[in-house]
Amino acid sequence: SAGAVDGLTKQIDDVALVHVDGETPNWSAITNDKVLTTTIATDGVITLPSKLYFPADGSNENFIGYHPKSAGTLANETITFTTTGKEGQIDIMYAAVISGNKTIENGCIKPTFSHKLSQLKFQFEKDASYTANATVKELKINGTKLPLSMGLSTGEISYATSTSSILVFSDKSYALAESTKGSPANEVIMVEPNATAITADIIITIASKDITLTNIPITLTTVEGNAHLITLTFKQKEISGEAKVNPWTQGNTGSGDIY
């Protein structure tokens, strides 16, 4: 499942649910083929692929959830993500362990899923000085690391050692709005929290000519679970002048005799 999950505004598919019974659950014994694929409806109801039952002796059943199931493979208590071709489009969510037994109300488990990454949204503005009729064709974001894996029992994510360039969109024509609200792009990406050295590469189109602008610094520190709106403002470069006048250079002397 690719793309950002926006609360319970629509059904959430591809949700993984892992369960182990016992007072001291052994999560490392769970293999990928034992992970349940579930859905969450807009009212929060979880649809299970088959019926589950609490232990008859009154001991606990323990649950952990994560999303998206299809992007990860579980082995040795580690979920390893495959992001190739989906860079920036995987909204990793995690529901920490909850435990219950047959005495809980209506037998209903209630996991709470939290976003583990940061979301970046974009809008484009121009100030009064920018007179070009430009549109934004392509946007890439640099300076964040891709998620590699997540601990099943901890929810801690491990990231790549080097940063990547993430394509937000291409072959578009987003206009520049001369207003405080800007012109929003429809695309969002999910990136590593605590990133501080983010830059943007942009291709704009002016009079059918593409112009590439690279390494535009973005002032932002990403925060886990936060959606950050990045406003990119286009300004005309003002021409200024600073003249230098060279002093007269003393040339060779001349002489003449008069009789």
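Remember, it's a predicted structure, so these values are computed and weren't measured experimentally.
Using modelled atom types and a 3.5 Å distance limit, the side chains of E77 and S153 yield a donor-acceptor pair. Side-chain N/O atoms of S99 and N62 include a donor and acceptor closer than 3.5 Å. For the 3.5 Å distance criterion, the side chains of H115 and D91 qualify, holding a donor opposite an acceptor. Between the side chains of T231 and E125, not a single donor N or O lies within less than 3.5 Å of an accepting N or O. Between the side chains of S59 and D57, at least one donor N or O lies within less than 3.5 Å of an accepting N or O. For the 3.5 Å distance criterion, the side chains of N226 and E224 fail to qualify, holding no donor opposite an acceptor.
In this structure, E156 places its CD atom where only 12 or fewer heavy-atom neighbours from other residues, nucleotides or ligands lie under 6.0 Å away. Heavy-atom neighbours of D33 CG from other residues, nucleotides or ligands within 6.0 Å: above the threshold of 12. D6 CG: 12 or fewer foreign heavy atoms inside a 6.0 Å radius.
The side-chain contact (heavy atoms from CB on, under 4.5 Å) with I157 is formed by just one residue from the set L117, I79, L148; it is L117. For the pairing with E187, the side-chain hydrogen bond (donor to acceptor under 3.5 Å, both in side chains) check across K121, Q89, K172 returns one residue only, K172.
Residues passing the side chain to side chain donor-acceptor pair (under 3.5 Å) test with S165 are N142, sequence neighbours excluded.
Between the side chain of T38 and the backbone N or O of V15 there is at least one donor-acceptor pair closer than 3.5 Å. Between the side chain of D201 and the backbone N or O of N215 there is at least one donor-acceptor pair closer than 3.5 Å.
Taking all atoms of both residues into account, the shortest heavy-atom contact from I206 to I211 is CD1-CD1, 3.9 Å. Of all the heavy atoms in A4 and Q119, the pair that sits closest is CB-NE2, 3.8 Å.
Comment: K102 does not engage E61 in a salt bridge, judged by the lack of any side-chain N to carboxylate O separation of less than 4.0 angstrom.
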task = May I have the step-by-step check of ring pair (Phe, Tyr, Trp, His ring centres under 6.0 Å) for Y94 and Y66, ending in yes or no?
result = CA-CA 4 Å; Y94 179 75; Y66 63 89; 7.9 Å; no
inquiry  = Assess the residue pair F122 and Y174 against the criterion (ring pair (Phe, Tyr, Trp, His ring centres under 6.0 Å)); give the C-alpha distance rounded to whole Å, side-chain angles, the decisive distance to 0.1 Å, and a yes or no.
reply    = CA-CA 11 Å; F122 304 91; Y174 287 113; over 10 Å; no
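Judged as a salt bridge (charged side-chain N to carboxylate O under 4.0 Å, His left out), the pairs with a partner in residues 127-153 (not counting sequence neighbours) are, in order, K137-D210.
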